[in-house]
Amino acid sequence: MSARRPASRRVRPTTIFFYVVLVLVAAVYIYPFIIQIGTSFKSDGESTSDPLNPFPASPTIGAYETLSKVDFPLWFLNSTIVTVCVTIGRVVLCSAAGYALSRLQFHGRRFLLAAILAVMAVPGVVLLIPKFLILNQLGMYNTFSAMIIPLLWDATGIFIMKQYFDTIPPSVEKAARIDGAGVFRRFWFVMLPMAGPALITLTVFAFQGSWNEFTHMIVARSSADTNTLTTGVAALTTGQFGSGNRYPLKLAAALVMTIPVAVVYFIFQRKLVRGQGAGAVKG
Amino acid sequence: MAVSNDAATSIRRTQIALGRGDDPLRPRRRGPGLSGRDPILAWLFVLPMIVIAMLFLVVPIFMAAWVSVSDWTGKGSPLSGSVNFVGFENYAAFFSPGLAQRDLTTSIRNTLYFVLFVVPLQTLLALGLALVLNSRRLRAKSFFRTAYYFPSVTSSVAIAVVFLFMFSASGPVNAILAGIGLEGPNWFADPRGIFHVAAAAFGVEGTPSWAAIDLGGISLWQWLAGPSVAMCSIIALVVWVSAGGYMLIFLASLQGIDEEINEAATIDGASTWQRIRYVTIPMLRPTTTLVVTLGLIGTWQVFDQVYIMSQGNPGKTTLTPAYLSYTTSFGSFQWGQGTAISFMLFALIVVLTIIQRTLSRDRGDRVVAPRRVRRAERSTR
């Protein structure tokens, strides 16, 4: 009757159930983005009359044309400037600090590590008003330096670099030292080139973090010409640029600002995904 | 430090802050201790970061502490001579009847419901997805993982825009509801608490006399309102966004569980469900505690979504302490009260963190760690 087939051949009901769950949840995760893409090519009227259909009845690039006429290209440029500066700055400063904390012996090293941890524990939202206060006090408010310099601080990045340098055998550096290389040369020409994987992780995190940065940008500046994509699109959404729903326009703006991060995510997803999980297990 | 609500970075940051990342004070490998004869040179390496952290993190916090006990109104410098010390007046405003107290109480009520819904939902969803994805028989796992984690790496602004459309009056969510014969609400314009809606369905309208008593500026009946319909859409957004990140934490932890344990349970006749219920979930407890704590810390700070989607409306039912502190300062120029709110929020988050750390230490959660760590490290190489 019910002859028992080999376990490997059997499609078990749990497996089918698992697939159903995964596919349903994936639909909930992917469909909003598909609707977003489709709606951005619709007219204002069609966006709400047929909201579920991702295929526009009469496709139009009107939303994108409007975007190119408002300040959107400027926001994109500002975001790019901030992201490039923050990413380069973090890579240089985090690896220098990480190297010192990993390799150099100096008084206050342990205190410094504890202090970085303490600062990290301060919840971000609490720093909103304080950041405005100091930028205002220093006369930096509404400048690019106000948007960039505070973001250079990246305790996570320092630890990523420090922990990676910890794994490089001391013998590597010893050889260079015997050859007479000073600290700077050993750091720049010996250690840094060996820290490739950590540098990639750091770069990806810095890129993603500064491109998406929102709260810092609403307290560091307020002038129209310093809007980044996040603050610009937020202003677009909260109705500071005229009335009406204009969903195709808003969704197109949100889509364009998502693309750079999406590209980086799909290229480096293993890095991002592993970085996320690995830190947690090391409890 | 980037004040980002982005899940990936903030989770990593918090993990390290909570001592869940590698403990840098006790490195597994000690620094080799070569060189470093020149302490001045060593300080040069760390100096830029120290200056930035002092100038934009430490000093500002002290400035804010001063503002919270001063009468500064936003004109000129808070450090100038014309600004006066007012003691704890700004804090006291929240402990005596008035608009300030009513707003803060309302924001705490809102966030309490937000936390009560988001934390369990996102933890369960993350755990469920991780358990399914950890099953060895499945294919295309990385596709699903990529899809679920994608919202976590995208901008909170972009996601909020998409959800504003999804939950708009004639948007996709209501179109789906209409498809199954339900009339969807006008989500972001609906201040009714869902418990009140449910009560109304049972014929309870208006405030019952027993619920009229005042608790911190709003009535007991208002306390029992539940999250507003508008807040529910923000709850849906946050659960949807953050579940992916927590799923990865659960997955990393699951990979550390010895396969022999599962095999032993199977040989003993345990069904899949029994194995998950009595073997896997108990072994995941340290991770669950971590995810719940990170969830609590994150949800109490909710800000971006409120700023972009609802600005505290409708009827102040999406007001949160973080957003209230922002509008009190930048909107109504009551900088003293605004900073006072953020320090009280800070205190709350510190208390939550301490409670959680004490709980997990008492249970001896860390005892099982070293073995898992080694395995997890091997499997992620």
Side-chain angles (χ1 to χ4, degrees), chain A residues 14-15 18 22 26 29-30 32 36 48 51-52 93 96-97 100 102-106 113 119-121 123-127 129-131 133-134 150-153 156 163 166 170 183 208-209 212-216 230 233-234 237 247 250 254 257-258 265 274 276-283, chain B residues 1-4 6 9 12-13 15 17 20-22 24 27 29 31-32 36 39 41-42 45-46 48-49 52-53 56-57 60-61 63-64 132 137 144 147 153-155 157-158 161-162 165 170-172 175 248-249 252-253 256 272 301 303-304 308 322 329 339 342 346 349 369 373 376 380:
Chain A
T14 31
T15 310
F18 280 179
L22 288 177
Y29 271 81
I30 295 169
Q36 179 188 14
T48 46
L52 272 178
L93 298 184
S102 167
R103 280 297 204 266
L104 306 179
Q105 305 296 322
F106 56 96
L113 283 166
V119 170
M120 281 175 94
V125 147
V126 173
L127 291 166
I129 302 171
K131 277 188 173 180
L133 293 175
I134 193 73
L151 288 184
L152 293 178
W153 170 255
T156 315
Q163 282 162 17
D166 282 346
V183 175
Q208 182 244 3
N212 291 343
E213 184 59 53
F214 174 62
T215 43
H216 176 70
T230 49
V233 174
T237 309
Y247 287 115
K250 294 172 186 172
M257 75 186 284
T258 308
Y265 175 58
R274 279 182 187 173
Q276 172 73 39
V281 218
K282 298 180 179 173
Chain B
M1 181 197 292
V3 191
S4 158
D6 164 69
T9 40
R12 290 192 58 84
R13 193 176 296 134
Q15 280 160 7
R20 296 302 182 130
D22 266 350
R29 306 171 65 115
L41 214 55
F45 273 83
V46 285
M49 277 305 198
I52 293 170
F56 297 109
L57 288 166
I61 290 175
M63 271 182 83
V132 173
R137 286 182 191 81
F144 292 114
V153 299
T154 53
S155 151
V157 179
V161 170
V162 174
F165 176 62
S170 49
L248 291 181
I249 297 181
S253 194
T272 306
Q301 297 188 59
F303 176 85
D304 294 20
I308 301 157
S329 301
T339 42
S342 61
F346 188 11
I349 291 170
V373 171
T380 51

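Convention: sequence-line order gives letters A, B, ...; per-chain numbering from 1.
- When heavy atoms are compared at a cutoff of 4.5 Å, Ser329(B) approaches chain A solely by way of its side chain, counted from C-beta outward.
- Contact detail for Ala96(A) and Phe45(B): the closest heavy-atom pair is O-CD2, 3.5 Å.
- Chain A forms more heavy-atom pairs under 4.5 Å with one residue of Ala64(B), Ala147(B), Pro48(B), Ser155(B) than with any other, namely Ser155(B).
- Between Glu213(A) and Thr230(A) the shortest side-chain heavy-atom distance does not fall below 4.5 Å.
- Contacts between Ile61(B) and chain A at a heavy-atom distance below 4.5 Å involve backbone atoms as well as side-chain atoms.
- Heavy atoms only, all atoms of each residue included: Ile349(B) and Gln301(B) are closest at CD1-CG, 3.6 Å.
- The contact between Tyr247(A) and chain B is made entirely by side chain atoms (from C-beta outward), counting heavy-atom distances below 4.5 Å.
- Two residues are said to be in side-chain contact when any heavy atoms from C-beta on lie closer than 4.5 Å; Thr154(B) and Met257(A) fail this criterion.
- Heavy-atom distances place both the backbone and the side chain of Ile308(B) under 4.5 Å from chain A.
- Leu22(A) has its side chain within reach of Val132(B): a pair of non-hydrogen atoms, C-beta onward, lies under 4.5 Å apart.
- With Val157(B) as the partner, the side chain to side chain contact (heavy atoms under 4.5 Å, CB included) test is satisfied by one option alone out of Thr258(A), Val233(A), Asn212(A): Val233(A).
- Looking at Phe346(B), the atoms closer than 4.5 Å to chain A (heavy atoms on both sides) sit in the backbone and in the side chain alike.
- Between chain A and the options Ser342(B), Ala322(B), Pro172(B), Ala175(B), the largest number of non-hydrogen pairs under 4.5 Å is found for Pro172(B).
- In this structure, chain B has heavy atoms under 4.5 Å from both the backbone and the side chain of Leu133(A).
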